[in-house]
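Right, one structure below, let's go through it.
Residue numbers count from 1 along this sequence.
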Amino acid sequence: MRKPIIAANWKMNKTIKESQLFMQKFLFDYTPISCDIVICPPVTALSSVGSIISGSSYSSSIKLGTQNCHWEEKGAYTGEVSLPMLKEFSVNSVIIGHSERRQYFSETNQTVNKKLKAIYSQNLRPIFCIGESLEQREAGNTFTVLSTQLNEGLDDISITSGEDIVIAYEPIWAIGTGNVATPKQIQAVHSFIRETLSVLFSPSIASAIRIQYGGSVKPSNIESIMQLKDVDGALVGGASLEPDDFMSLIQIACKAKEQIRS
Ligand code: 13P
């Protein structure tokens, strides 16, 4: 059974002090649940957030993630951060291919592929983001776009377990807009992603891979999303910035999945 995984992508938000305040409140209210949690702060707050997690009683279920990496281990890449450097903070997961990186920083399926390979060479776990734009959806190209992102991003990559990767489906038109995709749209895409992974890897690996939905997820809409068969969690932007919101989102999400399975 796939364990739900909820990840917070803080994007370029929160100073070290603000990150510490969030974590203190979040952990104070935290009650163990049967979900994996990943917190992805900006690079500057990795150290302090990581220390707070590892000093808590919940380090087995709350993990530290980062939002990007370079594919080389070191070298003349001004402003970049490598995976060996990120590992110094005990990072466990790396968000890769987020649409904001594709849109604003010219990330391509080919650079995503290099980063994924680097992540595996460092024994880390990617949260690999894919998603279509509104124009692509309206032109009827959603599945072609997602198929290309998956096939090119995962080119020449072999994994041995469903635990080795998390896929995040984030339709670009739903990110930060309040326009959450409908349950029908989400299930159709997640099922398509799982079929594609089945061909790329194997049916048994694909059935164990966790697929998150991301895009305007909030405590008020997460329940119906988590009830979907092929949704295994969420990648959360705006609603992960306040500890109360994020905590209630996690609790509703995990409970919805438990109920549907019981
Ligand atoms: P929002 O939840 O703010 O729409 O952001 C989603 C996202 O991009 C998470 O990676």
Side chain to side chain contact (heavy atoms under 4.5 Å, CB included) between N141 and E132, intermediate numbers included: CA-CA 8 Å; N141 293 333; E132 82 287 0; over 6 Å; no

Intermediate values then yes/no, side chain to side chain contact (heavy atoms under 4.5 Å, CB included), S99 and I175: CA-CA 9 Å; S99 62; I175 296 176; 3.2 Å; yes

So, Q67 and H98: side-chain donor and acceptor under 3.5 Å apart, yes or no? no

Taking only Lys NZ, Arg NE, NH1 and NH2, and the carboxylate oxygens of Asp or Glu, determine whether E72 and K114 approach each other closer than 4.0 Å. no

In terms of hydrophobic clustering (I, L, V, M, F, W, Y; side-chain heavy atoms under 4.5 Å; direct or indirect links), are I130 and I211 co-clustered? yes

Closest contact, heavy atoms only, W10 versus L241: CD1-CD2, 3.8 Å

No-hydrogen, no-angle side-chain donor-acceptor test under 3.5 Å, N68 and K115: yes

Common cluster, Y213/I37, ILVMFWY with side-chain heavy-atom separation under 4.5 Å: yes

If hydrophobic clusters are built by linking Ile, Leu, Val, Met, Phe, Trp and Tyr wherever their side-chain heavy atoms come under 4.5 Å apart, do V38 and Y169 end up in the same one? no

Report yes or no: does K87 contribute a side-chain atom to a donor-acceptor pair with the main-chain N or O of Q122 at less than 3.5 Å? yes

After noting the C-alpha distance and the side-chain angles of D164 and F201, does the key distance pass the side chain to side chain contact (heavy atoms under 4.5 Å, CB included) rule? CA-CA 12 Å; D164 292 347; F201 302 122; over 6 Å; no

Under the rule for side-chain hydrogen bond (donor to acceptor under 3.5 Å, both in side chains), what residues qualify as partners of N221, not counting sequence neighbours? none

Strictly by modelled atom types, are W173 and E135 linked by a side-chain donor-acceptor pair under 3.5 Å? no

Tell me whether I205 shares a hydrophobic cluster with L150, the cluster being built from Ile, Leu, Val, Met, Phe, Trp, Tyr side chains joined at under 4.5 Å. yes

Calculate, to the nearest 0.5 Å, the distance between atoms OG1 and CD belonging to T15 and Q20 respectively. 8.0 Å

What heavy-atom pair brings M226 and D232 nearest, and what distance separates the two atoms? CE-C, 4.1 Å

Quick check: closest heavy atoms across Y58 and P32, and the distance to 0.1 Å? CE2-CG, 3.7 Å

Qualifying residue, where the test is side chain to side chain contact (heavy atoms under 4.5 Å, CB included) with I53 and the options are S90, S59, S61: S59

Start with the C-alpha gap between I119 and C69, add the side-chain angles, then the distance that decides, and say whether side chain to side chain contact (heavy atoms under 4.5 Å, CB included) holds. CA-CA 9 Å; I119 287 169; C69 67; 4.3 Å; yes

Whether T111 side chain and E107 backbone form a donor-acceptor pair below 3.5 Å: no

Non-hydrogen atoms of S204 and S207 that approach each other most closely: O-OG, 3.0 Å

Answer yes if the side chains of Y30 and Q251 hold a donor-acceptor pair under 3.5 Å, and no otherwise. no

Taking ILVMFWY side chains as joined if any heavy atoms are under 4.5 angstrom apart, and letting links pass through other members, which residues group with F105? Y104

Looking at R125 and E163, would you say the former's side chain and the latter's main chain have a donor-acceptor pair under 3.5 Å? yes

Looking at every non-hydrogen atom in both residues, tell me the closest pair between I165 and L154 and how far apart they are. CD1-CD2, 3.7 Å

Do you know which two heavy atoms are closest between S19 and V49, and how far apart they sit? CB-CG2, 3.7 Å

For atom NZ of K117, decide whether the heavy atoms of other residues, nucleotides or ligands shown that lie under 6.0 angstrom number more than 12. yes

